[in-house]
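Encoded as structure tokens, the structure appears first; notes follow it.
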Amino acid sequence: MNPAIRTPLLFGFVAVLMIGTGIVQGWNSALLILNMGLISAIMALGVNLQWGFAGLFNIGVMGFVALGGLAAVLISTPPTPGAWAAGGWNIVIGLLLGGATVIGAILAQHRMAPGRIRTLTTLAILIAGFFIYRAVFDPGVAAVEAINPSVSGNIGGLNLPVLLSWPVGGLLAAGAAWIIGKTALGLRSDYLAIATLGIAEIIIAVLKNEDWLSRGVKNVIGLDRPVPFEIELQQDPTFIARAVGLGLDPVTASGIYTKLAYSALFAVVLLILLWMAQMALKSPWGRMMRAIRDNETAARAMGKDVTARHLQIFILGSAICGVAGAMMTTLDGQLTPGSYQPLRFTFLVWVMVIVGGSGNNFGAVLGGILIWWLWVQVEPMGLALMQILSSGLADGSALQTRMIDAAAHMRLLTMGLLMLIVLRFSPRGLIPER
């Protein structure tokens with residue numbers, strides 16, 4: 001089928017799914033799925049830059065998304081009263097000392113002649129720096145976490161508008177990507193994948209255990225919102241009058257209004273990023289990236305710095321994932337480090353890219369929205385199917401119970417089956433690269 005026809009038809013099909021969901025399940029449910037689908041599309045767009053443009057196999061997406069979520073806390077939450085005086089500066093100085101220790105060890109390795117003296121000097125810097133760092137850092141952490149731990153126990157943020165956290169989330173993820181890329185991009189693709197997955201797990205472990213930073217598993221709740229609260233709308237006489245005039249219950253109308261406002265914000269960000277990705281793809285830089293992806297040896301022979309170009313696109317793709325992470329935390333209104341799982345924030349995003357069409361930005365967007373819709377809807381659809389299939393069995397029988405319980409696994413079965421079908425009949429995805 002002509003791509004000029006296929007792409008609109010596929011997006012029209014997704015629109016029909018969303019409208020059908022609104023008619024059958026309610027517009028609040030449909031808009032919630034749409035909002036998470038838009039965020040997922042942004043994540044898929046970031047991964048598509050890395051894999052579709054440059055062939056970088058990054059399976060640490062979860063870590064960059066989590067850093068974006070952390071940005072929402074650091075930017076929008078108010079500082080905890082007394083935290084900086086109690087131990088905030090100790091934490092900052094300790095982190096600076098830790099960074100200085102690493103830099104000192106690197107300088108020793110680069111500037112001293114190879115031999116036993118260089119090795120002993122590097123070890124001495126690392127060991128001494130570690131103990132100095134812990135001596136300054138640990139008391140500060142203990143002091144901050146002791147401040148009303150049931151409510152805060154963390155250092156807090158800058159109390160700025162939460163929308164600022166979206167670009168900051170991208171910057172945090174980009175900074176982490178630079179550090180990771182400088183050390184890991186020289187690895188072969190399979191080793192790069194293992195390295196990025198391990199680093200993502202380290203990031204999640206830090207968020208779960210460093211209470212002074214993100215409250216750990218106690219979570220940060222009540223984050224600022226860029227749109228009105230539903231309860232505020234329900235108490236506004238003007239809004240109530242408009243809702244009644246449209247024949248809507250004010251409670252339902254407030255939820256729809258809020259979700260529509262989020263949809264508009266998310267769609268604007270997605271369209272901007274999609275436009276930028278398309279401009280990059282069509283530019284000489286984009287053609288160079290695809291040439292490097294297809295044949296690194298030939299690209300090096302033509303004088304291209306492959307490692308530097310890989311680092312560029314690794315940072316760009318990770319930054320987009322960080323923006324998506326900040327947006328998702330803003331939508332949820334809370335940061336829950338325990339919810340960051342590879343299945344949702346790495347595996348599922350890769351399914352979106354592969355099914356949508358690796359190397360095609362529109363394919364990544366389509367895959368993000370479509371696969372998220374399936375991820376949400378498959379389990380209740382599977383439960384309904386199992387109930388129909390087991391309707392002829394005796395109530396409470398072992399087989400009926402087993403079939404009903406199996407509905408919880410329909411998501412994974414469907415994702416795997418969908419990937420097999422797409423790879424069999426459309427190996428390059430629903431919207432292939434052109």
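Residues take their numbers from the sequence shown, with the count starting at 1.
- Atom CG of L158 sits in a crowded spot, with more than 12 heavy atoms from other residues, nucleotides or ligands closer than 6.0 Å.
- Under a cut-off of 6.0 angstrom, the local environment of NZ in K304 is sparse, with at most 12 non-hydrogen atoms contributed by other residues, nucleotides or ligands.
- What you find for A277 and L49 is that their closest heavy atoms are CB-CD2, 4.4 Å.
- Between F345 and Y340, the ring-plane angle classifies as tilted under the 30° and 60° cut-offs.
- Side-chain contact check for N219 and Q334: no donor-acceptor pair (N or O, by modelled atom type) lies under 3.5 Å.
- The local environment of CG in L95 is crowded, with over 12 non-hydrogen atoms from other residues, nucleotides or ligands closer than 6.0 Å.
- Heavy-atom neighbours of M276 CE from other residues, nucleotides or ligands within 6.0 Å: at or below the threshold of 12.
- In summary, the side chains of S358 and N360 do not present any donor paired with an acceptor at a separation below 3.5 Å, with no hydrogens or angles considered.
- A perpendicular orientation is assigned to the rings of W350 and W51, their planes being inclined by more than 60° (bins at 30° and 60°).
- For the atom pair L270 CG and S263 OG, the distance stands at 11.5 Å (nearest 0.5 Å).
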**OP:** Please step through salt bridge (Lys or Arg N to Asp or Glu O under 4.0 Å) for the pair R309 and E296, ending with a clear verdict.
**Re:** CA-CA 11 Å; R309 300 289 83 80; E296 287 188 19; over 6 Å; no
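- From N361, atom CG reaches atom CG of L273 across 10.5 Å, with rounding to the nearest 0.5 Å.
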Could you please spell out the steps behind the side-chain contact (heavy atoms from CB on, under 4.5 Å) verdict for L185 and L56?
CA-CA 9 Å; L185 283 180; L56 295 179; 4.2 Å; yes
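- Between the side chains of Q50 and S318, at least one donor N or O sits under 3.5 Å from an acceptor N or O.
- Using a 30° and 60° split on the angle between ring planes, F64 and F314 fall in the perpendicular class, above 60°.
- Under a 3.5 Å cut-off, the side chain of R293 and the backbone N or O of G52 do form a donor-acceptor pair.
- The aromatic rings of F266 and W166 are tilted relative to each other, their planes meeting at an angle between 30° and 60°.
- In this structure, CZ on F362 lies 10.0 Å from CG on L45, to the nearest 0.5 angstrom.
- Between the side chain of T258 and the backbone N or O of S254 there is at least one donor-acceptor pair closer than 3.5 Å.
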